Amino acid sequence: MPGSPLVRPTENQPSTSGDPMVALPASVRLETGRGGLPVLLVNGPAARAEIYLHGATVTDWTPRDHEPVLWVSSASRFARDAAIRGGVPICFPWFGAQAGHPESPSHGFARLSEWALVGAQDEGEDVTVRLRLTDSDANGASAWLHRFEAAYAIVVGSRLSLALTVTNRGDDVVLFEEALHAYLDVPDIRAVEVTGLEGTVFYDSLAGPGVGPVSGESEPVRFRAETDRIYVGTRATVTVRDIDAGRSVLVGKDGSETTVVWNPWIDKARDLPDFGDDEWKNMVCVEVSNICDAAVRLAPAGSHTMTAIFELAPSARTVTQRSTPS
Ligand code: TA6
């Protein structure tokens, strides 16, 4: 794109395509963000977004005329040795603790690694940003001795689409878990209900390891205490409905068999150093994922794509509508 600013794919490594620089459209700027971390600021016709190369973490998605959809803790660290507490961190190649490796970082190394910027372009109302992580770039990949490439396509528009494609670059079969650990902003968790998982079997992570699955509930998920559930065998779109604010966020997906729902409530929020004590009221995590029995098995040269699609339900009131009493 003639005249487009050229930037280095990552701070410390040229891109493997041999093209040392990446052309950015006018809708995308590479800036120095919080903690001095490189951040992409996307300002498209239909929405704005903020994407840290650190962990390929999308920390803001705000459709035009609407409030931000993603939540970030005011106590989050922005540092190379920490995951960002909020937005959409990527859990890969394991979820939670790594089996047999208690010393390994929770939720894997992808959210702690510097992803390379591969490209960005305008496509009508949408802006697409492409990032990549390989075993040679990843921080702490020594805990997982497999050669891989993870490609991440972020489409910013009236919908936010996040597609994670993992390719096995090695000679052995690999097994991995993945989750797009999305933190959604809600005015009050006690007025939120999550629908789309009724009747779906789930593991209650608070029940501890080795406890079997719980049969599905007929009601929407409502929050009255710490909630940490892994819904299995579900491809359903989930709706996060805020009854008071009259806003619903739909979380659609593809290539995903599990959905995690999490709110830390009071005590866990207080225990987490990078989470404000009262912030449990204002977020809910809905995580498009492949974990537990749904871990992905890839043959050499095999690829798998998991996609999460976020959109506001048509009934969502715009900023102006919310400020004008009906
Ligand atoms: O996704 C839910 C969960 O696995 C919870 O168990 C809770 O630990 C949360 O993730 C946060 O994990 P983190 O490693 O980011 O503190």
Side-chain angles (χ1 to χ4, degrees), residues 52 54-59 70-99 101-113 139-140 143-144 162 164 176-186 189 192 194 197 200 202-211 213-214 221 223 225-232 234 238 240 251 253 256-277 279-295 306 308:
Y52 277 80
H54 180 64
T57 313
V58 180
T59 50
L70 302 176
W71 172 91
V72 176
S73 170
S74 61
S76 177
R77 293 186 56 212
F78 282 79
R80 293 193 188 286
D81 62 351
I84 293 171
R85 176 65 70 191
V88 188
I90 299 174
C91 307
F92 170 88
W94 58 84
F95 185 85
Q98 184 187 19
H101 293 273
E103 75 290 355
S104 295
S106 166
H107 291 327
F109 50 71
R111 63 179 185 165
L112 299 168
S113 299
N139 294 348
W144 197 67
L162 306 175
L164 179 65
F176 65 88
E177 295 178 301
E178 54 186 355
L180 298 173
H181 197 301
Y183 290 77
L184 302 176
D185 189 282
V186 295
I189 189 71
V192 163
V194 173
L197 297 168
T200 306
F202 65 90
Y203 288 92
D204 181 351
S205 302
L206 303 175
V211 177
V214 180
V221 186
F223 302 85
E226 182 178 359
T227 303
D228 194 350
R229 296 177 175 183
I230 301 171
Y231 288 87
V232 295
T234 174
V238 158
V240 178
V251 184
K253 62 179 188 167
S256 158
E257 302 287 335
T258 56
T259 299
V260 178
V261 175
W262 180 57
N263 181 280
W265 217 247
I266 300 166
D267 296 345
K268 176 94 183 217
R270 199 170 293 138
D271 294 348
L272 291 168
D274 59 348
F275 202 113
D277 287 359
E279 292 183 329
W280 57 273
K281 297 178 195 133
N282 303 125
M283 52 66 65
V284 64
C285 284
V286 173
E287 307 163 33
V288 167
S289 52
N290 285 307
I291 62 176
C292 304
D293 312 341
M306 177 177 77

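Whatever order the structure lists them in is the order used to number ligands and atoms, beginning at 1. This structure is a prediction, so every number in the text was calculated from the model and none was measured.
Taking the six-membered ring where the residue is Trp, Y52 and F78 present tilted rings, their angle falling between 30° and 60°.
Not counting sequence neighbours, the partners of Y183 by the ring pair (Phe, Tyr, Trp, His ring centres under 6.0 Å) test are W71, H181. In this view, D81 and R77 satisfy the salt bridge (Lys or Arg N to Asp or Glu O under 4.0 Å) rule, not counting sequence neighbours.
Distance alone, capped at 3.5 Å, places no donor-acceptor pair between the R111 side chain and the A82 backbone.
Within 4.0 Å of ligand 1, protein heavy atoms come from R85, F95, S106, H107, R111, H181, D228, V260, W262, K268, E287.
W280 and F223 have their aromatic ring centers separated by at least 6.0 angstrom.
Pairs passing the side chain to side chain donor-acceptor pair (under 3.5 Å) check and including a residue from residues 257-268, sequence neighbours excluded, read R235-E257, K253-T259, T258-S289.
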